[in-house]
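Note sheet for the following structure.
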Amino acid sequence: MEKVYQIGNKKFVLDQSKAEKAFEAKKIINGRETMTFNLLPLKYQWAYDLYRTMKANHWEPEDIQMAKDIDQWKNADALSEVDRWIIMMGIGYFSAAEGIVGDNIIHVVRELVTAPELKLVLGRHAHEENIHADSLLYMIASLGINPHECEAMFEDVETIVKKNEFVTGTSRALRRDLDLSKTENKQLLAKNIFVFGQCMEGTQFYGLFGMILSLYRQNKVPGIGQMFRYTLRDESNHIELFRNLFMDLVEENRDIWTPEFKEDLVETMRTAVALEKEFISDCLPVNAVGLKLEDFLQYIDYIADRRLEGIGLDPFNPGIRNPLPWLAEMMDIKKEQNFFEGRVTEYQKASSLNTVDDDEL
Ligand code: MN
Ligand code: FE
């Protein structure tokens, strides 16, 4: 018996009984251990679809002009002290944070999941963290910032140190041989996926994203702003990847989803929000021109609720209003005409082997 699989624009004919067996053996965790990369038959279609979306969004830091940013950085009147402080914080925080996320993907999550299509999309995720880290290096080099000063921020600013300890704590516990048949260990992994996807990338990245993009909206640091827009678009895919991973992990392992575990996640998000608010208050000590502290604090409450709801938990502040609606528009890059548009389209064309449209599948 043969069965035809349609994946993206490609068709594959598989022996059905073998394919069904392989399909059955695919699991988020505790599936068939194999050194070969058997993507087909796909069980987690969302993972492959997301991989294609992420690939189509590919960008390179050097394609973004930094000339205006450099002019503004050198001109004392172009950027205020608070503006400069926010930019330094943004570069300093994300330089290390992107590395922490990439490291956790490679050494924890990608190690522990067993289905190849999950490893595929996680590989792309890790690569995007490399692109983000590289974009920060490009910003540091272009502006002529002392890299050690950025590094020092990461070690000396207490609210940043606390944010980091919060996430790395859930990573360390998983860096050893784990018996993933035990509920407590499955919960450790599920919590790690929740912390990195929903608390860190999903919530704690957004205070600085918002501030940097507020500057960009005021025509300040356009190159940096553009890179952060691309980064933010990537992050929304990372959050979705980890949300899907979390949901399927729980779906396949119902023993994870106890009332105590749910309560633990809710409390963890509460801590994440508190740490982010402390950090924002530290980063934006007064209401600078065009930036209101309360808006950023409320935005964190708003975004944290979206993350909780995304995995089926109750929000902290039902009905809360989004105080920064323009931030969502900033992420919608596709509509915009810019020099990069051509290249993005080229990547998409190059990946199509034939003329079948995605819509026809
Ligand atoms: Mn990133
Ligand atoms: Fe990310």
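Worth knowing before you read on, the calculation uses all heavy atoms, side chains too, and leaves out hydrogens, waters and symmetry mates. In listed order, ligands and their atoms are each counted from 1.
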To the nearest 0.5 Å, atom CZ of Arg243 lies from atom CD of Glu240 at 4.5 Å
Carefully, step by step, assess Tyr206 and Phe209 under the rule ring-ring contact (aromatic ring centres under 6.0 Å, His included). CA-CA 5 Å; Tyr206 278 74; Phe209 273 148; 5.6 Å; yes
To make sure I understand the geometry: which N, O or S atom in His238 is closest to the Fe ion (ligand 2)? ND1
Given side chains that start at C-beta, do those of Phe94 and Thr231 come closer than 4.5 Å, heavy atoms only? no
Under a 4.5 Å cut-off applied to non-hydrogen side-chain atoms, are Tyr302 and Leu324 in contact? no
Restricting to N, O or S atoms of Glu129, which is nearest to the Fe ion (ligand 2)? OE2
Val113 and side chain to side chain contact (heavy atoms under 4.5 Å, CB included): which single residue from Asn30, Leu122, Val108, Val121 fits? Leu122
Candidate list Lys277, Arg321, Arg306, test salt bridge (Lys or Arg N to Asp or Glu O under 4.0 Å), partner Asp301, passing option: Lys277
The Fe ion (ligand 2) and Glu128: any N/O/S contact shorter than 2.8 Å? no
How about His125: does one of its N, O or S atoms come closer than 2.8 Å to the Fe ion (ligand 2)? no
Is the shortest heavy-atom distance from the side chain of Glu252 to the side chain of Lys186 under 4.5 Å? no
May I ask you to check whether Glu201 brings an N, O or S atom to under 2.8 Å from the Fe ion (ligand 2)? yes
For Asn192 and Asn104, test the side chains for any donor-to-acceptor distance below 3.5 angstrom and give the result as yes or no. yes
Compare every heavy atom of Met66 with every heavy atom of Met227, then report the nearest pair and how far apart it is. CE-SD, 3.6 Å
Which protein N, O or S atoms does the Mn ion (ligand 1) have within a distance shorter than 2.8 Å? Glu98 OE1, Glu129 OE1, His132 ND1, Glu235 OE2
Suppose we only count N/O/S atoms under 2.8 Å; would Glu235 qualify as near the Fe ion (ligand 2)? yes
